[in-house]
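Report on the following structure.
The analysis underlying the following values was restricted to heavy atoms, covering all of them including side chains, and did not include hydrogens, waters or symmetry mates.
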Amino acid sequence: MDLLNGNSVEQRNRANDYVHEVYEMVKKRNPGEKEFLQATREIFDSLRPVFLKHPEFIHNGILERITEPDRVITFRVAWEDDVGKVQVNRGFRVQFNNSIGPYKGGIRFHPTVNSSIMKFLAFEQTFKNALTGQPIGAGKGGSDFNPKGKSEREVMRFTQSFITELSKYIGPDMDVPAGDIGVGKREIGYMFGQYNRLKGGYEAGVFTGKDPNHGGSLGRKEATGYGTVYFVEEMLKQTGDSFAGKNVIVSGSGNVAIYAMEKAIECGATVLACSDSGGYIYDPNGINVETVKQIKEFTNQRIQDYLKFHKNAVYYEGCRNIWSVVCDIALPCATQNELVEEDAKLLIQNGVKAIGEGANMPCTEEAVLAFQAKGVLFGPAKAANAGGVAVSAMEMSQNSMRLSWSLEEVDEKLKQVMKNIFESCHEAAASYGSPGNLVVGANIAGFLKVADAMVAHGIH
Ligand code: NDP
């Protein structure tokens, strides 16, 4: 018997063998799906102690089932461009798990979209959505369509064609998409309009991230970025610290990045740098978020254009180099695997104290380990960026009740959700033998909720 943990060597071996065998099976079944395998590996590593406490999950084949999507839909999206040429893209929707609610997760339009990226995002969403405490299952979708350089009408025609096919598989109690990279309220508006046209009704609850003027929730566009800052503030509180007086860098300058910057500044921090896929800007006076909104949110220019308005700022080519800026807190809010081990080492060398993942899986596994080894506070994406989907679930509630909550009401609820998420991650980490490790805590807390529901619902 292992006296420390109350488990026999046989029990430990059984749990380890189970995790190992299932991972080998997942690898074999999903060859070459780099991002999906990275996301599953990271979860599996955390879950070993769970199978010691809960052998019934082994008996019920939970790991085998939770890593296999309920269904993956791929489809042709044909549309006509402005010069009359037929274009073809590929559409995806991965409906990963609906044990605790209808499938829920964003739609991404970006040329890199492929099956591996869709599956990793939908898999992560399973645990993230469970952590919010709301009744939402997990999905993700998108297309390899590149909205950059397309006219307004081209975006509309593409989006209408995309949703014409996807409309067969979604609905307010079935699957509720939202935005993600390349999809904001304009694209959600086109999807919603086309869906209602096809169905001949008005199903407000089929999408979230809608314009607040027609069914959207106030506070949704701010939710992911604000939520990330609320989560990091909770982490800092544990060490008697806060955002006040800190220097922060934020990668990206899209929806998540803009509102993470806005909230960090409101909390008393100075944001020194932000980026887009071309490069980053450094402003010694602190980034002016209103200017970034003008450039990126309203007119879709390049972040370099910030220099036209702020003469002291400097632009550097190459977005990765943003991690060389000396800071106390770094919030990667752009895309997956944007922060690798050598960036982590540089940040550590420059004295970083806390990392909050605003984007999905922005840090590689090696980068996360490097931060943890040096005691840097680390808020993993599935917990730290869950605020967006949490407010999406609030949008679903408001649509069902045909009511709208005020911005203050939504923000108050968001703050509470992020605090609860932090506490459940913190507690799960402590009770499963990894105190302070929020990566392990988030994986375990999210997993337990979904696994319990899967056991209760029987084998299917
Ligand atoms: P947006 O499309 O609004 O913005 C993405 C931003 O990241 C753009 O500024 C883009 O620049 C920039 N970017 C892309 N690649 C890089 C790179 N390698 N380095 C630096 N910047 C880069 O997307 P969102 O803000 O909505 O999403 C960002 C991340 O947050 C994604 O991982 C998404 O999955 C995640 N997320 C989003 C949620 C939401 O509510 N929107 C919810 C939860 C997670 P450019 O303009 O040059 O392309």
Side-chain angles (χ1 to χ4, degrees), residues 179-181 184 219-236 242-310 312-316 319-335 338-339 347 352-360 362-363 379 381 384-388 391 407 411 414-415 418:
D180 190 76
I181 293 180
R220 173 60 186 90
K221 80 172 173 196
E222 295 87 351
T224 310
Y226 280 17
T228 301
V229 172
Y230 293 149
F231 189 89
V232 174
E233 193 75 317
E234 290 297 325
M235 299 196 309
L236 292 167
S242 75
F243 266 92
K246 299 292 184 303
N247 286 329
V248 177
I249 57 176
V250 178
S251 64
S253 47
N255 174 258
V256 179
I258 285 174
Y259 292 97
M261 291 195 269
E262 184 168 275
K263 186 51 72 178
I265 294 165
E266 248 180 71
C267 292
T270 303
V271 178
L272 289 174
C274 71
S275 58
D276 65 14
S277 56
Y280 75 95
I281 48 162
Y282 173 81
D283 188 339
N285 301 328
I287 299 283
N288 183 315
V289 181
E290 291 311 312
T291 309
V292 179
K293 282 187 194 173
Q294 274 306 323
I295 295 170
K296 299 299 268 188
E297 201 176 45
F298 306 130
T299 54
N300 210 7
Q301 302 169 64
R302 307 306 300 158
I303 199 64
Q304 186 171 11
D305 293 316
Y306 184 91
L307 268 53
K308 291 180 192 157
F309 307 94
H310 301 278
N312 285 332
V314 189
Y315 176 73
Y316 297 91
C319 48
R320 276 272 307 284
N321 297 331
I322 192 170
W323 309 122
S324 65
V325 176
V326 177
C327 65
D328 303 300
I329 299 168
L331 305 175
C333 294
T335 195
E338 55 165 313
L339 195 162
L347 281 160
V352 76
K353 295 181 178 65
I355 310 289
E357 291 190 314
N360 283 312
C363 301
N385 76 20
V391 172
L407 184 58
D411 194 40
L414 170 66
K415 226 180 256 171
M418 298 315 296

Please check: side-chain N/O of [X] versus main-chain N/O of [Y], any donor-acceptor pairing under 3.5 Å?
X	Y	result
Asp276	Arg302	no
Glu357	Cys363	yes
Asp328	Asn247	yes
Asn360	Ala381	no
Lys296	Gln301	yes

Exercise for review: Determine, step by step, whether Tyr316 and Ile322 satisfy the side-chain contact (heavy atoms from CB on, under 4.5 Å) criterion, reporting the C-alpha distance in whole Å, the side-chain angles of both residues, the deciding distance to 0.1 Å, and the verdict.
Suggested key: CA-CA 8 Å; Tyr316 297 91; Ile322 192 170; over 6 Å; no
Check [X] against [Y] and note the closest heavy-atom contact, atom names and distance.
X	Y	answer
Ala354	Val232	CB-CG1, 4.4 Å
Ser277	Cys319	O-SG, 3.7 Å
Cys327	Ile249	SG-CG1, 3.6 Å
Pro284	Leu272	O-CD2, 4.2 Å
Ala260	Leu331	CB-CD1, 4.3 Å
Val229	Cys267	CG1-SG, 4.0 Å

Exercise for review: Tell me, please, which residues at least two apart from Glu338 pass side chain to side chain donor-acceptor pair (under 3.5 Å).
Suggested key: Ser251
Review point. Is there a side-chain contact between Val256 and Asn385 (heavy atoms, below 4.5 Å)?
Key: no
Exercise for review: Compare all side-chain heavy atoms of Val271 with those of Val289 and state whether any distance is below 4.5 angstrom.
Suggested key: no
Between [atom1] on residue [X] and [atom2] on residue [Y], distance to nearest 0.5 Å:
X	Y	atom1	atom2	value
Lys415	Lys263	NZ	NZ	6.0 Å
Arg320	Leu339	CZ	CG	8.0 Å
Asp283	Leu307	CG	CG	9.0 Å
Met261	Cys333	CE	SG	8.0 Å
Ile287	Tyr280	CD1	OH	11.0 Å
Tyr306	Ser253	OH	OG	11.5 Å

Check your understanding: How about Asn321 and Tyr282: does a side-chain donor come under 3.5 Å of a side-chain acceptor?
Key -> no
Exercise for review: Evaluate side-chain contact (heavy atoms from CB on, under 4.5 Å) for Asp305 paired with Thr299, printing each intermediate quantity in order.
Suggested key: CA-CA 11 Å; Asp305 293 316; Thr299 54; over 6 Å; no
Exercise for review: Tell me, with the steps shown, if Ile303 and Ser275 meet side-chain contact (heavy atoms from CB on, under 4.5 Å).
Suggested key: CA-CA 7 Å; Ile303 199 64; Ser275 58; 5.6 Å; no
Check your understanding: Do the charged groups of Lys293 and Glu262 touch, with an N to O distance under 4.0 Å?
Key -> yes
Check your understanding: Parallel, tilted or perpendicular: which fits the ring planes of Tyr259 and Tyr226, with parallel below 30° and perpendicular above 60°?
Key -> perpendicular
Practice item. Could you walk me through whether Asn285 and His310 pass side-chain contact (heavy atoms from CB on, under 4.5 Å), step by step? Key: CA-CA 9 Å; Asn285 301 328; His310 301 278; over 6 Å; no
